[in-house]
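Residues: numbered from 1 along the sequence shown. FYI, side chains are in, hydrogens and waters are out, and symmetry mates aren't considered; it's all heavy atoms of this structure.
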Amino acid sequence: MRRYLKIAKWRANKQLQQQQRSWQPHKTRLIERIQAIWFNLSTAQKLYLLALSSLIVLQSGWLSATITIIALVIEFWPKFNQLWHSLAGKALILIFYASIANFVLAGASGIVNDVTHVSANHFNYTHNFATLLYLPPWAMGITLGTLLLFQLFLPFYIFILLLIKPFGSERIKFISQSYSPLLTAIVRFILASVVFINLTSFINDKPPEEVLDNILTSFVDGQAIAKESPTEQQKAVEELSEKIEQHLPKSSAETPPSKRNVEIDSEGESDGESETVENLRQFLNTKGYFERSKRLIAMFAFSFEADSYSRCLKDETSKAVELNDYEIVQITPDHNAPYGYRFSVIACDSPGVTPVKK
């Protein structure tokens, strides 16, 4: 019996060795093929493959997004320089970023008005500070959005180039020189979408899964609204506006008087926290880049824009910004206010001007 077992084991080992020898050429050819493909890839394509592997294997969205950003810079920066050195390209780039700057200026003006409750014309330095805060995310977001749209149209562009190639067209070779341009365009679009979702997640301080669900929900709701009648569309838009207003922070005008009139003094706090520590704690507890930016804007207006001394009568703990000869904006630290400071327009009570009593 033991002899038969030894013979069976010997035959099994012999067959296994024969199969390994038969598979060895295929394995060698496969390794050589993979090596040939790897060495034919550009640096950006290798980084795209690494980013896709980290997304699938490690399931790390931030690592994949970081590698993708590096790959996009490596791939598109030479083309950006090439476009910049032409007159038409330079004009196109300047118009593109000038449009972004115009939108940022308008958006910053609205944000300052939302924080201070007066026109941004009276807070020039605060408006400039808000512009500096909002310019990087706007520029990066619009640039990345444009790049995503470019990835959507790139496969069609490659398909058109393939169609006109038999007719002797030798136009624009930067796509045809890369290995598998169509597959690269698809992978680039997927990874650019991952970058966009992770940046949105970082700005809004939300999980990437929630951001993706919100995007898909908005797309589905938009498709459903587009198919409805005008009356139902108007009703759906009103319901959507109500949902957005519910998620917005309440302004100081809606705060109960018992809470609005509370002035926080660093020496009188029951828990012993200083005003700076309390401001820092509330800043860290605020969710999202834009909401934190509003706190910074309110802090900047109080610390740098407003005057500690004014010809108009005001509270000792507050600062003032003059609107005109008869009105001032009184800024008072108030941790119960939406952004840590209470902005109120009051009549100027000075030796030369006496407010009219109502």
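- For A192, the side-chain contact (heavy atoms from CB on, under 4.5 Å) test picks out L148, with sequence neighbours left out.
- Taking CD1 of I331 as the start and OG1 of T116 as the end, the distance is 8.0 Å to the nearest 0.5 Å.
- The ring pair (Phe, Tyr, Trp, His ring centres under 6.0 Å) test with F300 is passed by exactly one of F129, Y125, F123: F129.
- Judged by distance alone, the side chain of S64 and the main-chain N or O of A51 form a donor-acceptor pair under 3.5 Å.
- Between the side chain of D334 and the main chain of N336, a donor-acceptor pair closer than 3.5 Å is present.
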**OP:** Using the side-chain contact (heavy atoms from CB on, under 4.5 Å) rule, take Y339 and D114 through it: C-alpha gap first, then chi angles, then the decisive distance, then the call.
**Re:** CA-CA 10 Å; Y339 307 113; D114 181 50; 3.5 Å; yes

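- Under the 4.5 Å side-chain heavy-atom criterion for grouping Ile, Leu, Val, Met, Phe, Trp and Tyr, M299 is connected to F290 within one hydrophobic cluster.
- Between V321 and A306, the shortest heavy-atom contact is CG2-CA, 3.6 Å.
- Minimum heavy-atom separation, V115 to F343: O-CD1, 3.3 Å.
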Practice prompt. Could you please spell out the steps behind the ring pair (Phe, Tyr, Trp, His ring centres under 6.0 Å) verdict for F76 and F80?
Written response: CA-CA 6 Å; F76 286 95; F80 181 85; over 10 Å; no

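- Residue pairs meeting the disulfide bond (SG atoms under 2.5 Å apart) criterion with at least one partner in residues 71-135, sequence neighbours excluded, do not occur; the list is empty.
- W77 and L83 end up in the same hydrophobic cluster when Ile, Leu, Val, Met, Phe, Trp and Tyr side chains are linked at under 4.5 Å.
- Following chains of ILVMFWY side-chain contacts shorter than 4.5 Å, one cannot reach I67 starting from L52, and the two form parts of different hydrophobic clusters.
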For H122 and V329, what are the C-alpha separation, side-chain angles and deciding distance, and is it a side-chain contact (heavy atoms from CB on, under 4.5 Å)?
CA-CA 9 Å; H122 303 290; V329 178; over 6 Å; no

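- Across K46 and L41, no two heavy atoms sit closer than the pair CE-O, 3.5 Å.
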Show me the donor-acceptor pairs within less than 3.5 Å that the side chains of residues 98-111 make with the rest of the protein, sequence neighbours left out.
from, atom 1, to, atom 2, distance (Å)
S99, OG, I95, O, 2.8

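- Connection of Y341 to L296 is established within a shared hydrophobic cluster, with ILVMFWY side chains joined at heavy-atom distances below 4.5 Å, either directly or through further cluster members.
- One distance of note links CG of L191 with CD1 of I69; it measures 11.0 Å at 0.5 Å rounding.
- You'll find the side chain of I297 reaches within 4.5 Å of the side chain of Y134, heavy atoms only.
- The list of disulfide bond (SG atoms under 2.5 Å apart) pairs with a residue in residues 300-342, not counting sequence neighbours, reads C312-C348.
- Going from atom CD1 of I70 over to atom OG1 of T43 covers 12.0 Å, rounded to the nearest 0.5 Å.
- Of the possible polar contacts, one joining the E305 side chain to the T126 backbone as a donor-acceptor pair under 3.5 Å is found.
- Side-chain atoms of Q330 come within 3.5 Å of backbone N or O of D315 as a donor-acceptor pair.
- At least one donor-acceptor pair under 3.5 Å links the side chain of K319 to the backbone N or O of F302.
- Proximity of I93 to W84: side-chain heavy atoms (C-beta onward) are separated by under 4.5 Å at one or more points.
- The closest side-chain heavy-atom distance from M140 to L199 is below 4.5 Å.
- A pairwise comparison of heavy atoms in N324 and R311 identifies O-NH2, 3.7 Å as the closest pair.
- For the atom pair CD (E291) and CZ (R295), the distance works out to 9.0 Å, reported to the nearest 0.5 Å.
- Annotation: the span from S54 atom OG to W62 atom CH2 amounts to 13.5 Å, rounded to 0.5 Å.
- V112 approaches H127 most closely through the heavy-atom pair CG2-CA, 3.9 Å.
- Annotation: side chain of L63 is in contact with side chain of L58 (closest heavy-atom distance under 4.5 Å).
- Around atom CZ of F96, more than 12 heavy atoms belonging to other residues, nucleotides or ligands sit under 6.0 Å away.
- I142 is not listed as a side-chain neighbour of Y97, based on a closest heavy-atom distance of 4.5 Å or more.
- When all heavy atoms of L133 and S293 are compared, the closest pair comes out as CD1-O, 4.0 Å.
- Residues meeting the ring-ring contact (aromatic ring centres under 6.0 Å, His included) test with F189, sequence neighbours left out: none.
- Here the straight-line distance linking atom CD of Q45 with atom CG of N40 works out to 9.5 Å at 0.5 Å rounding.
- The backbone N or O of S308 lies less than 3.5 Å from a partner atom in the side chain of K314, making a donor-acceptor pair.
- Taken together through direct or relayed side-chain contacts under 4.5 Å among Ile, Leu, Val, Met, Phe, Trp and Tyr, I328 and F304 form parts of separate hydrophobic clusters.
- With sequence neighbours left out, the side-chain contact (heavy atoms from CB on, under 4.5 Å) criterion links L313 to D349.
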